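Note on naming: letters A, B, ... go to the chains in the order of the sequence lines (proteins, then strands), and numbering restarts at 1 for each one. Everything numeric in this text was worked out from a predicted model, so none of it was measured.
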Amino acid sequence: MIVRLWQLFGWFYVSLAVALLGYFLVSKNNKRLIKNLAVTVCFSVGLYYSLIFVVSYGPKTANFFKGWNKVETVTSGGQNRFAEFLDEVLPLSASGCVLWHNDVPTVYLISELYPRHFIGMDKGADLSDCKVVVDPEKHNVYATK
Amino acid sequence: MINWLISLVFVISIFALGMVVDYYFLQRRGFKFAAGKFWGLGLGSVAIVQLVCFVVRVPVTIITVEVVTMVVFLTILVDRKLRMHLVEEVVQLPGKINVRKIAVFGLFAAGVFVLTFSETIWGHDALAFWVSKGRAFFVDSGISHRAVFAYWPYDYPLLWPLVSTWFYQFLGQSDLYFVRIIPFVTFMLIGVSLRKWWIQVVFFVTPFALMLLIKPEYGGNADLFVGFFVLLASYYLLDGEIMYSGIFLGLAALTKNDSLPLLLAFPIIAIIFLRHEKGWRSGIALALAVVALDVGFKWYFKFNNRYLDHSFASVLAARPIGKYMLYTVQSFREEFRQVYRWGLGWWLVIFMLLSHYKMLGSNRRILAVLILIGVFFGSLLWVYYVTPEDQASHIGSSLSRVLMQIYPTVLLLAATVQESTKKIMGVRRVTAKVRSK
């Protein structure tokens with residue numbers, strides 16, 4: 001029973017209950033102290049986890065100083081260059097399919113190809129109805145018809 | 001460099017547009033400076049201008065954007081009274097600011113700026129519909145049938161895509177990097193709008209708030225904007241300026257369907273609790289106008305809704321309601337204690353609200369905000385029950401983001417009850433001293 005309760009609530013809710021109990025039991029002067037302590041602890045814990053996130057993110061900040069073009073190329077894994085190439089070679093009336101590749105590159109290329117009508121297709125799917133097939137993984141484009 | 005300059009001019013123009021709209025249409029030539037309000041009204045105005053352009057069949061091109069911006073700047077230059085108010089505000093600024101706090105905030109903002117602009121938007125939801133719709137409207141010079149039906153779900157509201165379209169027109173190209181300036185400013189203004197410095201600090205160090213802005217997979221989502229608008233709505237509700245609450249809840253609903261229950265509940269809450277407040281009728285009227293706009297838009301395009309187009313009888317038969325609701329409640333409980341996402345933010349909120357429980361029922365404005373928060377959680381229970389997806393995976397993929405829509409508001413409420421109690425205690429202490437004398 002205790003193990004189950006601990007699983008459900010853990011130190012988070014237990015400490016909350018203790019803090020509330022303490023708050024209602026102590027004198028008025030000490031209530032302020034508990035509130036200040038709660039805010040300080042809350043700030044410290046938030047800061048600690050934010051710093052973990054920021055530090056883990058740190059190496060990426062080097063991109064910021066390399067300029068926005070570089071950032072776009074790095075984040076998109078070169079898909080932005082591929083999209084520029086597709087924009088040059090495909091007429092605005094083109095339509096076809098983009099093979100699924102980790103979701104994001106596929107939806108990115110579909111978006112960048114607008115107003116051309118392209119849809120996402122699984123790699124194993126029948127592509128016979130696709131006039132043009134774009135492969136984000138190999139940065140390749142080919143016509144089927 | 002030129003793109004940074006254009007982005008800066010865009011930001012200033014949005015503030016200016018919001019200020020002009022507020023000055024002429026809402027304050028009736030009265031002036032009250034509030035950066036969050038101006039930014040929120042500016043974002044809402046560019047979306048509504050584009051919706052109007054669609055109705056009257058006027059294309060939204062760089063010329064439209066330049067004309068609107070020029071008119072706004074010229075209005076400020078020509079209107080002597082408005083200009084004087086603005087100058088007065090700038091002159092008074094040095095006396096109002098605390099240099100140390102501003103310096104710390106500036107350092108923090110600079111750090112977050114570098115982190116944000118170290119990557120471009122690169123997330124599924126943003127690229128599958130949010131900013132992609134914005135790009136499609138940019139390519140088509142305004143809202144078009146083709147663009148509306150290019151990305152599913154078609155019924156998602158268009159405020160964020162339309163704001164990004166406006167920005168793309170400003171910039172002259174659709175770009176996933178510089179458009180991040182909009183969520184960046186919004187994030188900063190959420191913090192600034194939280195009134196009290198200690199709760200501002202708690203918000204700014206909430207890991208998930210930072211992640212939602214900085215991480216490329218979340219950076220283009222609309223949740224931060226909803227959080228901002230709901231916060232502004234609650235802020236003005238607590239201030240007794242009900243008209244603004246109606247407007248900002250309307251803008252929240254024009255950003256994401258998740259806020260529609262709040263907008264629908266608002267007139268009822270206003271009638272029951274806020275009838276003695278200033279502008280409650282205009283607040284209700286404006287909220288209902290947005291509901292009509294939203295419904296009209298969806299009706300015109302014959303959109304379906306994943307959560308409403310259901311056979312509820314079959315959902316009830318297939319899913320035991322008690323079990324499903326309990327699962328969602330358990331998910332809330334579990335999510336609140338994810339300290340690596342929220343720090344102890346939810347802990348502090350629950351502590352503040354429960355330790356000041358008497359204050360919650362004693363003030364109608366506070367009670368109204370509390371009910372809005374309740375409606376938000378109630379609507380989530382409903383959505384996660386009727387969802388066409390698997391309940392667990394739907395909750396797993398969305399709950400943290402959705403909670404960010406209400407998180408700034410609950411922080412504001414926690415700060416308000418704490419400060420209100422402090423004021424009351426102060427008044428009591430003074431009264432007791434006077435009596436003893």
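Counting heavy-atom pairs closer than 4.5 Å to chain A, the top residue among B:R146, B:E334, B:Q418 is B:R146. Contact count versus chain B (heavy atoms, under 4.5 Å) is highest, among A:G46, A:A19, A:A17, for A:G46. Interface remark: of the candidates B:W198, B:W4, B:F336, B:F336 forms the most heavy-atom pairs closer than 4.5 Å to chain A. Between chain A and the options B:Y340, B:W347, B:F117, heavy-atom pairs under 4.5 Å are most frequent for B:W347. Counting heavy-atom pairs under 4.5 Å between each of B:A209, B:A128, B:A136, B:G343 and chain A puts B:A136 at the top. Per-residue counts of heavy-atom pairs under 4.5 Å with chain B were compared for A:W11, A:F65, A:F53; the largest is that of A:F53. Most heavy-atom pairs under 4.5 Å with chain A, from the set B:L115, B:T206, B:N3, B:L210: that is B:L115. Interface summary for chain A: among B:A147, B:G345, B:S355, B:P216, the most heavy-atom pairs under 4.5 angstrom belong to B:S355. Between chain B and the residues A:G10, A:S15, A:G58, the largest count of heavy-atom pairs under 4.5 Å involves A:S15. Of the listed residues A:I34, A:L16, A:I119, A:D103, the one with more heavy-atom pairs under 4.5 angstrom with chain B than any other is A:L16.
For a residue to count as touching a neighbouring chain, one of its non-hydrogen atoms must lie under 4.5 Å from one of that chain's; by this rule A:L8 touches chain B with backbone and side chain alike. Contact annotation for B:M352: only side-chain heavy atoms (C-beta onward) come within less than 4.5 Å of a heavy atom of chain A. Heavy atoms of B:K133 lying under 4.5 Å from chain A are absent altogether. The contact between A:E112 and chain B is made by backbone and side chain atoms together, counting heavy-atom distances below 4.5 Å. At a 4.5 Å heavy-atom cutoff, the contact between B:F178 and chain A is made by side-chain atoms alone. When heavy atoms are compared at a cutoff of 4.5 Å, B:I199 does not approach chain A at all. Residue A:V39 touches chain B through both its backbone and its side chain, counting heavy-atom pairs closer than 4.5 Å. Neither the backbone nor the side chain of B:E217 comes within less than 4.5 Å of any heavy atom of chain A. Proximity to chain B is limited to the side chain of A:Y13, based on heavy atoms less than 4.5 angstrom apart. Only the side chain of B:V202 comes within contact range of chain A, judged by heavy atoms closer than 4.5 Å. With a 4.5 angstrom heavy-atom cutoff, A:F24 touches chain B only via side-chain atoms. With a 4.5 Å cut-off on non-hydrogen atoms, B:A150 touches chain A through its side chain but not through its backbone. With a threshold of 4.5 angstrom between heavy atoms, A:Y23 approaches chain B through side-chain atoms but not through N, CA, C or O. Contacts of B:V339 with chain A are made by both backbone and side-chain atoms, with heavy-atom separations under 4.5 Å. Contacts of B:F138 with chain A are absent, with no heavy-atom separation under 4.5 Å from either backbone or side chain.
Below 30°, between 30° and 60°, or above 60°: for B:F187 and B:F203 the angle between ring planes is between 30° and 60°, a tilted geometry. Relative orientation of the B:F113 and A:F64 rings is perpendicular, given thresholds of 30° and 60° on the angle between their planes.
Using modelled atom types and a 3.5 Å distance limit, the side chains of A:H101 and A:K138 yield no donor-acceptor pair. No donor-acceptor contact under 3.5 angstrom links the side chains of B:Y177 and B:E119, judged on distance only. Side-chain contact check for A:Y108 and A:S76: no donor-acceptor pair (N or O, by modelled atom type) lies under 3.5 Å. Side chains of A:D126 and A:S128: a donor on one and an acceptor on the other come within 3.5 Å. If you check the side chains of B:E335 and B:W342, you find a donor sitting under 3.5 Å from an acceptor.
Taking a 6.0 Å sphere around CZ of B:R333, one finds it holds more than 12 heavy atoms contributed by other residues, nucleotides or ligands. More than 12 heavy atoms of other residues, nucleotides or ligands shown are found within 6.0 angstrom of NZ on A:K31. In A:K123, the NZ atom is crowded: over 12 heavy atoms of neighbouring residues, nucleotides or ligands sit closer than 6.0 Å. The 12-atom threshold is not exceeded at CZ of A:F85, counting heavy atoms of other residues, nucleotides or ligands nearer than 6.0 Å.
When the options B:V11, B:T116, B:L171 are evaluated for a side chain to side chain contact (heavy atoms under 4.5 Å, CB included) with B:I181, the one that passes is B:V11. Each of A:L86, A:T106, A:I110 was scored for a side chain to side chain contact (heavy atoms under 4.5 Å, CB included) with A:V134, with one residue passing: A:L86.
The distance between the ring centers of B:Y156 and B:F129 falls below 6.0 angstrom.
Scanning both residues, B:I121 and B:R180, for their nearest heavy atoms gives CG1-CG, 3.8 Å.
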